[in-house]
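The basis for the numbers below is simple: all heavy atoms, side chains too, and nothing from hydrogens, waters or symmetry mates. Computed from a prediction, not measured in an experiment: that's the story for all the values here. Counting begins at 1 with the first residue of the sequence.
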Amino acid sequence: MKIDWEKYIDRNVNVTMYENYGVVFSPKKDDPPISEIVFKAGKLVESFDEGLMLETIRDNKIVNVFIPHSSIKCVEIF
């Protein structure tokens, strides 16, 4: 099934990915020291045959993130 992503442009999305793309160290002593990051959140700004482009803010700067369709496990649309 193919989704028409164009009707969701400018909507906020949470993308759960199949693979990990980074790690974070937990600030709490009782938590496990490393948590896997397998999601990305932002505004859907463009759709391509190969994937989705999200816009998000990191360190007070606007950042565009491309996510290939093959990496997407689930998408929540707000």
Side-chain angles (χ1 to χ4, degrees):
M1 176 174 88
K2 205 167 183 169
I3 296 175
D4 180 11
W5 291 104
E6 292 298 317
K7 63 183 180 181
Y8 300 111
I9 297 293
D10 291 328
R11 301 273 301 269
N12 288 322
V13 296
N14 290 338
V15 179
T16 304
M17 299 168 49
Y18 282 110
E19 66 274 342
N20 306 332
Y21 65 90
V23 294
V24 213
F25 292 93
S26 174
K28 297 179 183 175
K29 188 172 88 173
D30 296 336
D31 287 347
I34 297 177
S35 301
E36 297 176 346
I37 302 173
V38 291
F39 64 89
K40 207 54 169 153
K43 181 171 74 170
L44 180 62
V45 291
E46 200 160 349
S47 170
F48 302 96
D49 289 339
E50 299 84 14
L52 304 176
M53 182 74 71
L54 302 186
E55 181 180 276
T56 188
I57 296 176
R58 186 179 307 146
D59 297 329
N60 295 322
K61 294 182 182 173
I62 294 175
V63 177
N64 287 330
V65 179
F66 177 77
I67 304 173
H69 287 304
S70 60
S71 297
I72 297 172
K73 184 176 186 179
C74 175
V75 178
E76 297 173 307
I77 302 167
F78 299 95

### Query
Applying the 4.5 Å side-chain criterion to the ILVMFWY set and letting contacts propagate, would Phe66 and Met17 be lumped into a single cluster?
no
#### Entry: Residue among Val75, Val13, Ile77, Leu52 satisfying side-chain contact (heavy atoms from CB on, under 4.5 Å) with Tyr8
Ile77
### Query
Which value, rounded to the nearest 0.5 Å, describes the distance between Lys43 atom NZ and Asp10 atom CG?
5.0 Å
## Note on the structure
For Asn14 and Ala41 the tightest heavy-atom approach is OD1-CB, 3.2 Å
### Query
How would you list, by chain and number, every residue that makes a side-chain hydrogen bond (donor to acceptor under 3.5 Å, both in side chains) with Ser47, sequence neighbours excluded?
none
### Task
Sequence neighbours left out, what pairs pass salt bridge (charged side-chain N to carboxylate O under 4.0 Å, His left out) with at least one residue falling in residues 60-76?
none
### Message
Membership question, hydrophobic clusters at under 4.5 Å side-chain separation (ILVMFWY): are Trp5 and Val65 in the same one?
### Response
yes
### Task
List the atom of Met53, the atom of Phe48, and the distance in Å for their closest heavy-atom pair.
CB-CE1, 3.9 Å
### Message
Counting neighbours of CD1 on Ile62 that are heavy atoms of other residues, nucleotides or ligands and sit closer than 6.0 Å, is the number greater than 12?
### Response
no
### Query
Hey, does Leu54 have a side-chain heavy atom less than 4.5 Å from the side chain of Leu44?
yes
#### Entry: Pairwise distance OH(Tyr18) to OG(Ser70) - rounded to 0.5 angstrom
9.5 Å
#### Entry: Spacing of CZ belonging to Arg58 relative to CG belonging to Asn60, to within rounding of 0.5 Å
12.5 Å
